[in-house]
Amino acid sequence: MNRIYLDHAATSPVHPDVVKCMIPLMSEVFGNPSSIHFFGRQSRQAVDEARAVVAASLGAKESEIIFTSGGTEADNIALIGTAMANRHRGRHIITSMIEHHAVLRACQYLEKQGFEVTYLPVDEQGNVSPADVKAALRDDTILVSIMFANNEVGVLQPIREIGELLKDHQAYFHTDAVQAYGLVPIRVNDYHIDLLSVSAHKINGPKGIGALYARETVKLSPLFYGGEQERKRRAGTENVAGIVGFAKAVEIAQETMSDKQQEYRLLRETMLSIFAESGISYAVNGSEDRCLPHIVNVAFPGTNVESMLVNLDLAGIAASSGSACTAGSIDPSHVLVAMFGKKSERIRSSVRFSFGLGNTKEQIAKAATETVKIVKRLTTK
Amino acid sequence: MIYLDNSATTKPFPEVVDSFVTVATKYFGNPSSLHELGMKAERLLTQAREQIAAALGVKPNEIIFTSGGTEANNFAIKGVALQYRHRGNHIITTAIEHPSVSEPCQQLEQLGFEVTYLPVNENGIVTVEEVKKALRDDTILVSIMHVNNEVGSIQPVEEIGALLARYPKTIFHVDRVQGISKVPLDMKKARIDLCTMSAHKFHGLRGAGILYVRQGIQLSPLLAGGGQEMQFRSGTENVPAIVAMAKALRMSLEKYDKQIDYLLEVKQAWFNELKTIPSIQINTPFADSAPHIINFSLNGIKPEVFVHELEKRDIFVSTTSACSSKKKTPSKTLLAMGADDKRAESGIRISLSFENTLEEIPTAIAAMKEAIEKLREVTR
């Protein structure tokens, strides 16, 4: 069976060029960048060059990029690291109810440590309101963390407006850009972003590597101590091959960004037009005007998400109920609950399709047609 | 090329790189995903966990994957301290730990914990008696490395474990990063509760490590989020690097079985040859040290200049542990062993793997003698 992978938001295949450029870093230039000899210096240089690529992609300085083990670690440093280092300035944090669990669980951890966290609601379209951010801001707010785009429904958040609001406030502005990075342009200075998390494996890079952008004025206390790597902000021998593979993925993502946007919009239209013509009942979750091009989250009334996914998988189509991290649990998606309420039928009948490298229009047409068949089968009484 | 810096990082085995590439390209799914590709990735992860657990003689659910040794050490130490602070706030460690142990301990001191840094003897070894003397009713953690990363001294981990068996409220952590695959250690027999390992020190890849967490031990998480690794450690699992690590561990342990006698012969030969260089002082205790680390002091020659001089001859050694090789501070391990400043500031570390040979030694020794002679001329 030719399987169709429509779960790129959970993780994406590594680009062949990325693997290719990693191999010499594993088998030849394998030195520890902290070693002062040739092998060490060569590795150090590879890390420096990669850092420049990642920094340029965000309009940041090289010294503002901290390589991490991935998005979760970047989010944890952004939240816990800044909260701990700035607790003397206040103990209030603002975030939203639709953040990734890496942000939400870090916030819960901070609540246990005596911080106060405001979780902002979203509207039915999945938007955080800048007015709500403004209303929640207090003199003792030290951090606002709002994701760049949601990972389950793809809705782009009003980052520019929130950045504008926070420009003259002491609170740092963190955004989890794991899902948006590489698909929409991000300039940290234009948006007044102080901290930003990204992850390689969502953009056809390797797993186990990500980065935190931290503006040079941001004070943060490290999560990992013991070694002077990453300017003492993140100890641990650098994952040189991972870092170089990440930078390659960034380069490719930057170069292909506008093509991908068009391509995925077309795939999205293809899928939705097949749903529309089929006569099945469906509804797209999340604002359609302000969304990432590659995520389509759709409710199919009268179906149950688990049986939808099992049937899709049997038909060779990989999709998801929401973020992969909650996929194992039977709890409904916290994002859909925030948008529609606990009682809405939508929270139990929605499927996320996410497009990426290798997907073709034919694949999407086939997947949509199969989906229609399954929906019809499951809703026929 | 003669690579003698295996304690900083090892060259990954070609088979390990191959496994990485295969998994990264063919089984790229997220193990948390419910579909076929996700389940395949999860199966690979489970298999790797089972293989590693079997190789270490522990249960699969006691293996927690991390991004490396530094994360595992930070997680073990801060995870215990924050989880068990209601029991007490005293921690015991040694003066010669890796910075990824000693620095989290210092961080905990700032948070109100009390840390005892045990001294070591002239061989770089902490004694069971010192541990016993330092133990208190409120001691929640004892963290002792297995093999010291700078001089290779082996710590009496089994004896300390036996002592701690009488203190059920004290958790025992061992940093086994340098010891794994070079010095055997039965983790169950040594009654270890938490144990750190890192793939890139045994020919695996950077970005994967292990924290062994004995069943029943709770840890306050260091990385919060999706709840992977049985809720211990969040973040999408680095499946390709983890699978590659399982392979590296199996291969390294096989090499131990077949080649340990040869490696010991190599170590013996190194000692014999180094003793013929009159102006150096050997810091590693021959009898009580790991088979792969030999540390000596150059007495008056700047060690980084010596490293560069050897490099010109295609020989790679290190000044001290890679993580601190940029600082021009004396080695804390050598100071703790009683060396004076001059000796502690001029340490050179040779670190071997099962790939090193007897044949390399004459070339390397000749180069070292030449380098020393040249640099003595310069400083005269």
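Here the structure is a predicted model, which means the values were calculated and not measured. Protein chains get the first letters and strands the later ones, always in sequence-line order, with residue 1 at the start of each.
Between B/Gly225 and A/Arg105, the closest heavy-atom pair is O-CG, 3.3 Å. Closest of all the heavy-atom pairs between B/Gln107 and A/Pro222 is NE2-O, 4.3 Å.
Listed for the B/Lys11 side chain is no donor-acceptor partner under 3.5 Å among the backbone atoms of A/Met26. Between the side chain of A/Asn76 and the backbone N or O of B/Leu223 there is no donor-acceptor pair closer than 3.5 Å. Checked by atom type and distance alone, the side chain of A/Lys207 pairs as donor or acceptor with a backbone atom of B/Phe28 at under 3.5 Å. Panel note: side chain B/Asn74, backbone A/Tyr225; a donor-acceptor pair is recorded below 3.5 Å.
Using a 4.5 Å heavy-atom threshold, the side chains of B/Val21 and A/Ile23 count as touching. For the pair A/His201/B/Pro240, no side-chain contact is recorded, criterion being any heavy-atom separation below 4.5 Å from C-beta on. Contact of the A/His37 side chain with the B/Tyr3 side chain is registered, since non-hydrogen atoms from C-beta on lie closer than 4.5 Å. Between A/Leu309 and B/His35, the closest side-chain pair of non-hydrogen atoms is not below 4.5 Å. With a 4.5 Å cut-off on side-chain heavy atoms, B/Arg233 and A/Ser69 count as touching. Taking 4.5 Å as the limit, every side-chain heavy atom of A/Asp313 sits out of range of all side-chain heavy atoms of B/Leu34. When side chains are defined from C-beta on, A/Tyr5 counts as touching B/Leu37, because their heavy atoms get closer than 4.5 Å. Taking 4.5 Å as the limit, every side-chain heavy atom of B/Ser318 sits out of range of all side-chain heavy atoms of A/Ile36.
Using a cut-off of 4.0 Å between Lys/Arg side-chain N and Asp/Glu carboxylate O, A/Arg3 and B/Glu36 are scored as salt-bridged. Taking the charged nitrogens against the carboxylate oxygens, B/Glu311 and A/Arg41 do have a contact shorter than 4.0 Å, which makes a salt bridge.
Contacts between B/Phe20 and chain A at a heavy-atom distance below 4.5 Å involve the side chain alone, from C-beta outward. Only the backbone of B/Val317 comes within less than 4.5 Å of a heavy atom of chain A; no side-chain atom from C-beta onward does. With a 4.5 angstrom heavy-atom cutoff, B/Ser220 touches chain A only via side-chain atoms. For chain A, the nearby parts of B/Pro12 are the backbone and the side chain; heavy atoms of each come within less than 4.5 Å. Heavy atoms closer than 4.5 Å to chain A are found in both the backbone and the side chain of B/Ala24. Proximity to chain B (any heavy atom under 4.5 Å) is shown, for A/Val240, by both the backbone and the side chain.
Interface summary for chain A: among B/Gln106, B/Glu97, B/Lys78, the most heavy-atom pairs under 4.5 angstrom belong to B/Lys78.
Relative ring orientation between B/Phe316 and A/Phe38 is described as tilted, the plane-to-plane angle lying within the 30° to 60° band.
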Show the numbers, then the answer: is there a ring-ring contact (aromatic ring centres under 6.0 Å, His included) between A/Phe30 and B/His200?
CA-CA 10 Å; A/Phe30 62 88; B/His200 79 98; over 10 Å; no

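Ring-centre distance between A/Phe224 and B/Phe75: not below the 6.0 Å cut-off.
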